[in-house]
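Side-chain atoms are counted along with the backbone in the values below, which use heavy atoms only and exclude waters and symmetry mates. Here is the naming used below: chain letters follow the sequence lines, and residue numbers restart at 1 for every chain.
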6 protein chains.
Amino acid sequence: MAQQQSLRPVKIKRKFTRSSPGSVLYQCGETIVLCTASVQADVPPWLAGSGKGWVTAEYNMLPHSTNKRKPRERGHKVDGRTTEIQRLIGRSLRAVVDLHLLGERMVTVDCDVLQADGGTRTASITGGFIALADALHAEFKGRPRTEHPIRDSIAAVSVGIVDNKPRLDLDYEQDFAAAVDMNVVMTGSGRFVEIQGTGEEATFDDQELSTMLKLAKSGIQQLTTIQKESLGKHWPLA
Amino acid sequence: MAQQQSLRPVKIKRKFTRSSPGSVLYQCGETIVLCTASVQADVPPWLAGSGKGWVTAEYNMLPHSTNKRKPRERGHKVDGRTTEIQRLIGRSLRAVVDLHLLGERMVTVDCDVLQADGGTRTASITGGFIALADALHAEFKGRPRTEHPIRDSIAAVSVGIVDNKPRLDLDYEQDFAAAVDMNVVMTGSGRFVEIQGTGEEATFDDQELSTMLKLAKSGIQQLTTIQKESLGKHWPLA
Amino acid sequence: MAQQQSLRPVKIKRKFTRSSPGSVLYQCGETIVLCTASVQADVPPWLAGSGKGWVTAEYNMLPHSTNKRKPRERGHKVDGRTTEIQRLIGRSLRAVVDLHLLGERMVTVDCDVLQADGGTRTASITGGFIALADALHAEFKGRPRTEHPIRDSIAAVSVGIVDNKPRLDLDYEQDFAAAVDMNVVMTGSGRFVEIQGTGEEATFDDQELSTMLKLAKSGIQQLTTIQKESLGKHWPLA
Amino acid sequence: MAQQQSLRPVKIKRKFTRSSPGSVLYQCGETIVLCTASVQADVPPWLAGSGKGWVTAEYNMLPHSTNKRKPRERGHKVDGRTTEIQRLIGRSLRAVVDLHLLGERMVTVDCDVLQADGGTRTASITGGFIALADALHAEFKGRPRTEHPIRDSIAAVSVGIVDNKPRLDLDYEQDFAAAVDMNVVMTGSGRFVEIQGTGEEATFDDQELSTMLKLAKSGIQQLTTIQKESLGKHWPLA
Amino acid sequence: MAQQQSLRPVKIKRKFTRSSPGSVLYQCGETIVLCTASVQADVPPWLAGSGKGWVTAEYNMLPHSTNKRKPRERGHKVDGRTTEIQRLIGRSLRAVVDLHLLGERMVTVDCDVLQADGGTRTASITGGFIALADALHAEFKGRPRTEHPIRDSIAAVSVGIVDNKPRLDLDYEQDFAAAVDMNVVMTGSGRFVEIQGTGEEATFDDQELSTMLKLAKSGIQQLTTIQKESLGKHWPLA
Amino acid sequence: MAQQQSLRPVKIKRKFTRSSPGSVLYQCGETIVLCTASVQADVPPWLAGSGKGWVTAEYNMLPHSTNKRKPRERGHKVDGRTTEIQRLIGRSLRAVVDLHLLGERMVTVDCDVLQADGGTRTASITGGFIALADALHAEFKGRPRTEHPIRDSIAAVSVGIVDNKPRLDLDYEQDFAAAVDMNVVMTGSGRFVEIQGTGEEATFDDQELSTMLKLAKSGIQQLTTIQKESLGKHWPLA
């Protein structure tokens with residue numbers, strides 16, 4: 001099968017705002033997400049006194065991030081898609097954080113989508129990791145490497161089958177046309193954290209699964225290099 | 001790696017209530033789910049006039065389904081886990097229904113968990129398919145096979161890695177202890193519909209993924225046989 | 001006036017689930033209610049430190065309990081009918097429990113209607129008492145009779161005037177046709193706890209009231225016998 | 001048994017405000033309720049085209065109606081007690097209105113409690129009837145008696161057992177101390193519309209029931225006379 | 001420019017209800033507001049231990065206060081207009097209260113509009129001050145003047161430009177027709193507390209602003225005199 | 001009185017995103033607001049068929065726009081401050097738009113605060129006008145000037161009294177310390193649209209009012225020049 005191997009161009013602007021220690025404007029193709037992160041002294045009640053911390057995420061699309069304006073989710077319940085995505089981002093970031101080394105701290109990563117052209121959840125994870133690293137750098141700088149709670153990097157990418165061809169990093173149009181859609185979250189060291197493959201009104205077989213996973217792995221490797229370059233001296237795994 | 005290959009015992013009671021055309025008390029180990037299904041003439045507004053129908057699902061845990069009573073989700077927003085699960089059930093059932101053949105009908109499958117001991121979402125899909133088949137039998141009986149909207153069967157099972165060993169069909173205790181947890185939804189003909197693998201504060205590699213998928217496949221084949229026997233003459237794929 | 005004296009057939013299945021100490025599948029005609037009860041160590045804030053306990057109830061109809069599917073009451077406010085019914089069930093059960101002997105315990109009785117054919121609130125009280133007795137048996141077994149908080153049994157039945165005739169234990173169709181509808185809650189020893197008589201767009205006189213109350217009393221006596229037989233050794237008033 | 005036969009003093013001020021056709025300041029002892037009524041051309045959707053009208057009521061306590069300020073029921077769900085009361089008021093008023101003669105009109109009666117000293121729901125019914133009569137007078141004046149939709153008058157009163165003595169028209173303190181509390185709604189012609197008797201943590205027997213009902217009947221007769229005098233020429237049953 | 005200098009007639013009835021220490025039926029033209037005030041020992045959490053108190057207000061229109069019945073704001077969110085108005089009333093009353101002298105007390109002033117004919121928010125402030133003075137009189141009587149927390153009186157009035165003419169104290173019809181609408185809140189000693197001038201789809205210049213402010217000032221002086229006469233010996237600034 | 005006459009530095013980046021026709025990143029000192037605007041064919045129901053259009057605004061602070069993370073307003077009601085601000089922005093923009101020339105179009109201007117350091121509501125109005133102009137340019141370009149619905153420009157600025165000195169364009173720290181705080185909205189041609197002056201626990205006199213208004217006027221003139229330069233050929237009033 002012919003494949004689309006390349007990622008869309010990525011642009012990263014750290015310290016986009018000054019009001020939070022991690023603030024990253026992450027752009028991937030025409031998708032733009034503002035990822036900000038801060039650290040609080042309080043942990044959720046169920047962790048109080050445990051010596052462990054927590055990392056949580058919120059995901060939100062600004063109304064004008066889409067061509068047709070999307071109403072805000074306020075004054076009524078948060079929709080299912082939003083909830084699913086922010087739970088995914090939170091789990092993914094926690095997978096590379098040692099919550100005991102983090103100590104009783106609560107990190108919140110906000111992912112506000114300013115412009116949406118496919119892949120907003122994977123952009124939120126990849127950009128969110130950079131914001132997290134910056135926020136934790138402020139807390140842990142000067143400490144030895146072994147006491148820093150980040151133990152690996154994390155990035156995410158979408159793959160899918162469009163017109164019977166596997167494709168990497170789908171934009172909105174491709175995503176809409178895809179028979180199968182899969183989001184893969186992996187660490188910088190090449191281990192899976194999440195695989196979410198879905199055939200909406202379609203199915204897939206072992207062979208297609210295997211090809212999509214290989215494609216995802218190559219995308220994640222490229223994104224890891226980009227994250228490392230962007231963070232420079234703040235890269236927590238040196 | 002040593003493996004746990006066997007499913008927990010499954011008991012199925014069709015026509016448990018008379019108020020809906022599909023009504024299945026599905027028990028798998030100590031997990032009990034009441035799956036009911038009905039068909040309405042109205043479709044959601046976005047399908048009106050399209051000639052297509054829709055299948056949707058709702059998932060709910062009764063307060064006393066768990067050892068510690070769980071408050072009802074009423075008077076406030078539905079939690080994220082519930083939303084994720086019912087979206088998954090709906091997508092899974094739709095994957096084997098030809099929505100054009102269904103015509104402008106709305107099928108609602110309710111999955112009310114009476115007792116929870118792990119695997120409630122996969123039990124909801126496997127039992128929900130039987131309720132769906134019964135509800136559609138009432139609508140389409142007498143029609144030729146080619147006009148029946150069900151084009152394949154569907155079932156689901158969990159797999160995971162517990163104490164470094166792959167295991168099939170996890171109960172609550174195993175699920176709690178699992179480093180990696182994966183739900184697999186497959187058709188009776190052996191194609192994937194959904195793969196959702198998650199390492200909460202853990203990761204997994206290609207080899208572990210491959211073992212888990214094989215185990216899941218064998219579980220699904222057993223469940224397909226059980227569904228077929230339970231439905232008897234109502235099996236829609238004869 | 002000719003009267004309908006007999007109750008609809010009652011079937012009771014105790015220990016229907018294992019996840020709560022009281023779990024009763026109560027069927028009366030075509031009405032089926034799952035009544036479950038559990039005991040918690042916490043009392044509501046206003047009773048903390050008082051030495052007294054509390055008994056509360058929740059009532060819910062499953063979506064497919066009716067022929068036309070009824071949407072769940074979640075994500076928005078609980079409707080007035082539900083609130084009225086669950087307050088009635090709670091008051092009725094509390095009328096036969098000595099809250100001081102109960103001590104600082106909170107008992108919650110959930111009444112989930114699986115199939116509705118009239119009389120769901122009275123079935124919830126009658127079946128709920130059995131679940132309550134089972135749940136308290138687990139807490140108080142081995143204690144002398146004088147320390148057991150249940151001081152009487154409780155049951156409920158509907159009566160009404162349909163086509164100018166008094167009738168006992170109305171099913172849905174009779175209830176719909178009734179000019180006057182009355183729910184009576186009585187103790188096993190024959191004292192009233194609640195009388196709720198309503199003429200929707202109709203009225204009734206002293207004579208009709210008197211006939212309906214007599215009919216209700218005879219129904220309650222039959223239900224008390226059924227409750228006692230079902231509970232066997234768990235009957236708290238031996 | 002010694003009895004308290006007399007009602008608390010009643011004061012009625014019609015046309016208290018000008019913005020609605022029925023506006024009655026109803027005072028009974030220290031309980032003050034503002035009952036206002038208006039008529040709209042629209043009926044609820046389920047009556048559209050039926051030729052029938054509807055009468056509905058809303059009940060509300062102003063925050064400072066009680067000695068300890070009671071928070072408003074806004075921004076969150078209406079509590080169960082409020083819902084029960086306003087459903088009772090609506091049913092009671094509908095019992096004396098011929099909805100076919102009313103035609104496709106929607107009457108809303110608002111009962112806002114300005115000061116609460118027991119018996120607010122019965123005051124709302126008794127005062128609400130006067131507001132209703134004034135509002136319908138404006139609509140139907142000049143029409144022959146047989147075309148006026150009001151076919152009887154309606155009033156309500158509480159009775160109870162306090163310190164083992166039956167009592168009529170309980171104030172807040174008596175209501176709080178009552179073992180049994182009963183609200184009786186009757187027509188001017190002496191027929192029952194609603195009986196709601198409740199023993200909270202107490203019970204009652206046939207004899208007590210009978211005494212309470214007699215007492216209620218005498219109270220209703222007095223209230224009917226008061227209503228008739230207050231309405232004067234607007235009395236709809238002349 | 002010709003001007004409308006006179007206020008609409010004001011009627012004040014103190015002690016309208018007995019359940020709260022401040023209870024004022026304030027009428028201005030056809031606008032009627034029931035202003036009640038009470039004092040609680042609890043302050044909001046952010047003031048606990050500060051030695052300071054708080055004054056807050058709630059504003060509400062009764063459904064039949066308008067000619068077309070207005071639905072209650074319950075069971076859903078409070079609308080923007082209500083929120084704006086009650087924040088304005090609270091700020092205005094706090095401007096004349098020394099929160100340190102008040103001590104850790106919470107004063108709540110409820111303004112329930114019984115009939116609305118323009119100027120309900122300014123009537124709420126002017127009448128609310130009288131209720132506040134009565135409620136604080138009960139708390140501070142007998143204390144020397146220097147220890148009483150009220151340090152000035154407060155009143156409010158509307159002004160506007162209608163048909164190119166400045167007008168004082170607009171009724172509903174004038175308000176509807178006004179190109180510019182301004183609410184002015186001033187102390188009895190002649191200092192501004194709030195100016196809210198708005199041109200909905202219109203604008204105004206310096207000259208118009210100046211004329212409106214003069215008119216407002218004269219209105220406030222008249223209202224201050226009326227407040228003082230009404231409170232008599234309870235006037236806190238003697 | 002010594003005065004602070006200068007505005008904080010303003011930076012404007014038009015076309016910040018491509019998904020909406022008006023997209024302006026507006027920075028004023030350390031306050032950053034993303035103002036986006038779009039035009040829809042639908043008007044609100046009350047304008048349907050009127051030939052008139054509408055302009056509305058929404059205001060939102062991103063959680064990390066403040067140093068201490070602010071929770072999102074979703075899943076519960078929008079707070080009063082947010083509601084007040086977005087109503088002000090909407091009214092201000094409508095004051096310079098001819099709704100008849102706009103025709104049956106709905107313009108929505110979203111003001112999302114990315115970083116907050118005082119003056120977010122005035123920045124939203126000043127920046128929102130630029131987004132509005134860009135969005136309407138796309139709709140009306142090529143039409144003669146007399147058919148363009150924008151009839152004036154609009155801008156806003158804050159003034160206040162801090163340490164007894166009048167000050168222009170307050171940052172967060174000055175705003176917090178201000179005894180009096182006033183927001184002034186004016187057209188480019190020098191007419192008032194809104195004046196909102198508030199003394200929280202303080203008051204002000206005629207002289208102070210006059211000084212603050214002069215200061216505001218000079219600020220607005222500078223902002224008008226900046227808006228005109230930024231829009232260049234898109235300036236709608238050439």
**Message:** Just verifying a value: how many Å separate E:R191 CZ and F:L209 CG, rounded to the nearest 0.5 Å?
**Reply:** 11.5 Å
**Message:** Give me the atom names and distance for the closest heavy-atom approach of F:A95 to E:A202.
**Reply:** CB-O, 4.5 Å
**Message:** How long is the straight-line distance from CD of E:E84 back to CZ of F:R81, given to the nearest 0.5 Å?
**Reply:** 13.0 Å
**Request:** Report the option among F:M182, F:M186, F:K217 that has the most heavy-atom pairs separated by less than 4.5 Å from atoms of chain E.
**Result:** F:K217
**Message:** Does E:D163, at its CG atom, have more than 12 non-hydrogen atoms belonging to other residues, nucleotides or ligands within less than 6.0 Å?
**Reply:** no
**Request:** Give a yes or no on this: more than 12 heavy atoms of other residues, nucleotides or ligands lie within 6.0 Å of atom CD of E:E173.
**Result:** no
**Message:** Looking at E:K70, I want to see if its NZ is surrounded by more than 12 non-hydrogen atoms of other residues, nucleotides or ligands under 6.0 Å.
**Reply:** yes
**Item:** Heavy-atom contact with chain E under 4.5 Å, split by part of F:L88
**Value:** neither
**Complete:** Partner of F:F192 under side-chain contact (heavy atoms from CB on, under 4.5 Å), picked from E:T198, E:D206, E:V180, is E:D206
**Request:** Tell me, out of E:T187, E:V193, E:T83, who's got the most heavy-atom pairs with chain F below 4.5 Å.
**Result:** E:V193
**Message:** Quick check for you: to the nearest 0.5 Å, what is the distance between F:F204 atom CZ and E:E194 atom CD?
**Reply:** 7.5 Å
